[in-house]
Amino acid sequence: MDVMPQQDPESRRPPEPSPQDPQDPYAMPAEGATAVPPPPPTLRTTLRRAAFGAVAAGVLLAGALVAVPDGERDAPKEPGPVERAEAAATAGSPASLSDLTALIGDRQKWVESHPDDAPSWATLGSAYVEWGRRSADAAYYGRAEEALKRSLDARPGERGNGEAWVGLAALANARHDFLAAKRWGETVRKQDPKAWSVYPVLIDAYTGLGDIKAATGATEKFGELRKGVPALARTADLYRGQGWREDALATAREAADRATEPAEKAEALHRLGELAWERGEPEEAVAQFDAALRTDSGHHASLAGRARALVALERTDEALAAYQSAVTGLPRPEYVLELGELYESLELDGDARSQYEKLGGLLEQAKAAGVDESVIRARYESDHGDPAVAVELLRGQWKKQHRSAAVADALGWALHRAGKSEEGLEYAQQAVDTGVRNASYAYHLGVIEQKLAQYGPARRHLEEALRTNPAFSPLDAPKAREALETLGEPSPGGPGDTQPPPPPPPAPAPEPKRESGPEQRPERRQEPKRESPRPEAPAPAPSKTAPAPSKAAPGTPAAVEAGASKSS
């Protein structure tokens, strides 16, 4: 079965390496039977066939001299799909899926007759990683690992095969093993600090580990070594992750304006759509996602983004159709979970259960392929399953040093759902403190604070969630509004009176006790009057910078506070 929709022939699955297993469900038809255009001859093949094509070339050239105007005779040859894919990889940009398919087929044929060609094996392995990531087909990660190992067998990384190590780092990122990706990437960087291709994988690894400082440094270095759209895209993502919206938007727009190839342009427009969605501007988000799909009809991530924005616009039927197309063409677990929650918000419980069952199957397939989808599974368990399972999964992520804002938020919410709100507060606060403008993070923190009777902060974060994106979730956005209504408006007394309902005033409480025990109360009420003749206390150490009333008896809260301010 094709990963991509069958009506889009350019996104067919790349050919399998031969010999093929007859039981392999992903086996492709024989060469020439697919809808993907056959790859153009490589340089080696071109040289080999040059002599045989001389006569035909001369005939064609003669015809061209008659038919082509003088100004167009020297026009360069249009590059084929393999050349386009290689050019995209050289520039650090995404290739179209059809070009990526052609590149995979070309390298498969070459290594069959040249099994010791380490660079070709490395290229094939990296292309498998990219295909698996772009198609959400984790089965290709196993093939990628095998190809990269063959490359290292032919030439070890210590002898200059850094591209195979970069491929292994990209593979580790795709499997969400960010610590391994960091090790591979840093090994390459130590060997060759100017190898620009290692920095994108290092950025992904550091981001997955929550190391913002290292991710920032890697992004800056990548911008020095590889300027242009790839560097702008990475910089925009960095700004977005730190909550610098204006900088992220300006950089993402520049990347979109400068992008030329369809795959690169679609990715840049998709980024603009995501930024608009996070700002709570669904109309703008739909416009950007539509532009991405017009540029590249196979950009299914934009279909999912468009569906999300259509829900916010209450165009539910269109949103359902877009989600269904997205999960068919790109069955990422997060899209399936979103569709299930949309069904649940519409009280279509049967459809929701079907999506949740599909999610379980995808997670099992990912696990079998070595992909760690613990965060997505934990998100499901927290809200629709067993929160204790979610806590266990996310504690494991934290021990593996996966401490991104996404993991911190998910762990905080899972702990709250499991009845451990006090512990969850720390992680939820850490996610918000990264600066990322994520309405779900603010909502989770606000709910936890409300549970802990921290009504002022709870109101502030719930308002922040709805102000950031009023329709951030079809299930949680209505709950955020309900929680705010329960809290009510803050008291007019200011920040000191923000907790509803206000506590009873303490002054009237002692009045009845004064009659039952008058012999004790008068003495306590006279104590302040006995202390009042202490003006001589400041006399030994007068100060021009602080007035005398700021002095207080040692040990009192006022004295402690004054000492603290003086020391600071």
Taking salt bridge (Lys or Arg N to Asp or Glu O under 4.0 Å) as the test, write out the residues that go with Glu130, two or more places apart. Arg133, Arg134

With Arg460, which residues qualify under salt bridge (Lys or Arg N to Asp or Glu O under 4.0 Å), at least two apart? none

Side chains of Ser151 and Asn161: is there a donor and an acceptor less than 3.5 Å apart? yes

Do you know which two heavy atoms are closest between Ala172 and Ala181, and how far apart they sit? CB-N, 3.6 Å

Under 3.5 Å, sequence neighbours excluded: what are the donor-acceptor pairs made by side chains of residues 302-312?
| from | atom 1 | to | atom 2 | distance (Å) |
| --- | --- | --- | --- | --- |
| Ser302 | OG | His270 | ND1 | 3.1 |
| Ser302 | OG | His299 | ND1 | 2.9 |
| Arg306 | NE | Asp290 | OD1 | 2.5 |
| Arg308 | NE | Glu338 | OE1 | 3.1 |
| Arg308 | NH1 | Glu274 | OE2 | 3.4 |
| Arg308 | NH2 | Glu338 | OE1 | 3.4 |
| Arg308 | NH2 | Glu338 | OE2 | 3.4 |

Given 3.5 Å as the limit, does a donor-acceptor pair link the side chain of His384 with the main chain of Tyr380, or not? no

Find the distance between CG (Leu171) and OH (Tyr128) and round it off to the nearest 0.5 Å. 13.0 Å

Does the pair Asp296 and Lys265 meet the rule for a side chain to side chain contact (heavy atoms under 4.5 Å, CB included), with working shown? CA-CA 8 Å; Asp296 181 0; Lys265 187 82 168 180; over 6 Å; no

Arg417 side, atom CZ; Glu381 side, atom CD - distance, nearest 0.5 Å: 11.5 Å

Using the salt bridge (Lys or Arg N to Asp or Glu O under 4.0 Å) rule, take Arg379 and Glu341 through it: C-alpha gap first, then chi angles, then the decisive distance, then the call. CA-CA 11 Å; Arg379 283 176 50 192; Glu341 291 182 338; 5.2 Å; no

Side chains of Glu463 and Leu484 in contact at under 4.5 Å (non-hydrogen atoms): yes

How long is the span from the CG atom in Leu238 to the CD1 atom in Ile212, to the nearest 0.5 Å? 8.5 Å

CG on Asp386 to CD on Glu392, rounded to 0.5 Å: 9.5 Å

Can you list every pair that meets side-chain hydrogen bond (donor to acceptor under 3.5 Å, both in side chains) and has a residue in residues 204-220, with sequence neighbours left out? Glu186-Tyr206, Arg189-Tyr206, Asp204-Arg234, Thr216-Gln242

Residue list, side chain to side chain contact (heavy atoms under 4.5 Å, CB included) with Ala442, at least two apart or on another chain: Glu464, Ala465

Other residues, nucleotides, ligands: >12 heavy atoms within 6.0 Å of Lys451 NZ: no

Taking all heavy atoms of Leu272 and all of Ala252, pick out the closest pair and write down the distance. CD2-CB, 3.7 Å

Should Trp277 and Phe289 be marked as a ring-ring contact (aromatic ring centres under 6.0 Å, His included) after you check the CA-CA gap, both sets of side-chain angles, and the distance that decides it? CA-CA 10 Å; Trp277 161 251; Phe289 290 133; 8.7 Å; no

Quick test of your reading: applying salt bridge (charged side-chain N to carboxylate O under 4.0 Å, His left out), list the pairs with at least one residue in residues 469-484, sequence neighbours left out, ordered by first then second residue. none

Heavy atoms, side chains only, cut-off 4.5 Å: are Trp165 and Leu152 in contact? yes

Can you find a pair of side-chain heavy atoms, one from Phe178 and one from Asn173, that are under 4.5 Å apart? yes

For Gln324, the side chain to side chain donor-acceptor pair (under 3.5 Å) test, sequence neighbours excluded, returns Tyr343

Output a table of donor-acceptor pairs, distance under 3.5 Å, between side-chain atoms of residues 347-363 and any protein atom two or more places apart or on a different chain; print 'none' if there are none.
| from | atom 1 | to | atom 2 | distance (Å) |
| --- | --- | --- | --- | --- |
| Ser354 | OG | Gly350 | O | 3.1 |
| Tyr356 | OH | Gly340 | O | 3.4 |
| Tyr356 | OH | Glu344 | OE1 | 2.7 |

Qualifying salt bridge (charged side-chain N to carboxylate O under 4.0 Å, His left out) pairs with a residue from residues 278-289, counting only residues at least two apart or across chains: Arg240-Glu278, Arg279-Glu281

Minimum heavy-atom separation for Val188 to Gly162, with atom names? CG2-O, 3.9 Å

Write down the atom of Gly446, the atom of Ala458, and the distance for their closest heavy-atom approach. O-CB, 3.3 Å

Selection residues 435-446 - residue pairs positive for side-chain hydrogen bond (donor to acceptor under 3.5 Å, both in side chains), sequence neighbours left out: Asp409-His444

Output, in order, the C-alpha distance, side-chain angles, deciding distance and verdict of side chain to side chain contact (heavy atoms under 4.5 Å, CB included) for Trp413 and Asp383. CA-CA 9 Å; Trp413 185 244; Asp383 288 324; 2.9 Å; yes

Quick check against the 3.5 Å criterion: does Gln191 have a side-chain atom that pairs as donor or acceptor with the backbone of Gly157? yes

Main-chain N/O of Gly488 paired with Arg459 side-chain donor or acceptor, under 3.5 Å: yes

For Arg377, give me all partners under side chain to side chain donor-acceptor pair (under 3.5 Å), at least two apart in sequence or on another chain. none

Do the side chains of Val375 and His402 get nearer than 4.5 Å, heavy atoms only? no

Side chain of His176, backbone of Asp372: donor and acceptor closer than 3.5 Å? yes

Tell me which pairs pass salt bridge (charged side-chain N to carboxylate O under 4.0 Å, His left out) where either residue lies in residues 420-434, with sequence neighbours left out. Arg395-Glu423

Between Ala89 and Trp196 the two heavy atoms that sit nearest each other are O-CH2, 3.5 Å

Pairwise distance CH2(Trp184) to CG(Leu168) - rounded to 0.5 angstrom: 5.0 Å

With a 4.5 Å cut-off on side-chain heavy atoms, are Val166 and Ser126 touching? no

May I have the step-by-step check of side chain to side chain contact (heavy atoms under 4.5 Å, CB included) for Thr468 and Arg245, ending in yes or no? CA-CA 11 Å; Thr468 300; Arg245 282 184 171 178; 3.0 Å; yes

Answer yes or no: is there a side-chain heavy-atom contact under 4.5 Å between Leu124 and Leu103? no

Measuring from atom CD of Gln430 to atom OG of Ser404, what distance do you get when rounded to the nearest 0.5 angstrom? 9.5 Å

With heavy-atom distances below 4.5 Å as the criterion, would you say the side chains of Glu318 and Leu313 are in contact? no

So, for Ala388 and Ala418, which heavy atoms are closest and what is the spacing to 0.1 Å? N-CB, 4.5 Å

Do Glu163 and Ser197 touch side chain to side chain, with heavy atoms closer than 4.5 Å? yes

Report the C-alpha distance between His300 and Arg332 in whole Å, list the side-chain angles of each, state the deciding distance to 0.1 Å, and finish with yes or no for side chain to side chain contact (heavy atoms under 4.5 Å, CB included). CA-CA 10 Å; His300 293 86; Arg332 289 179 177 168; over 6 Å; no

Determine whether a donor-acceptor pair (N or O, by modelled atom type, separation under 3.5 Å) exists between the side chain of Ser345 and the backbone of Leu342. yes

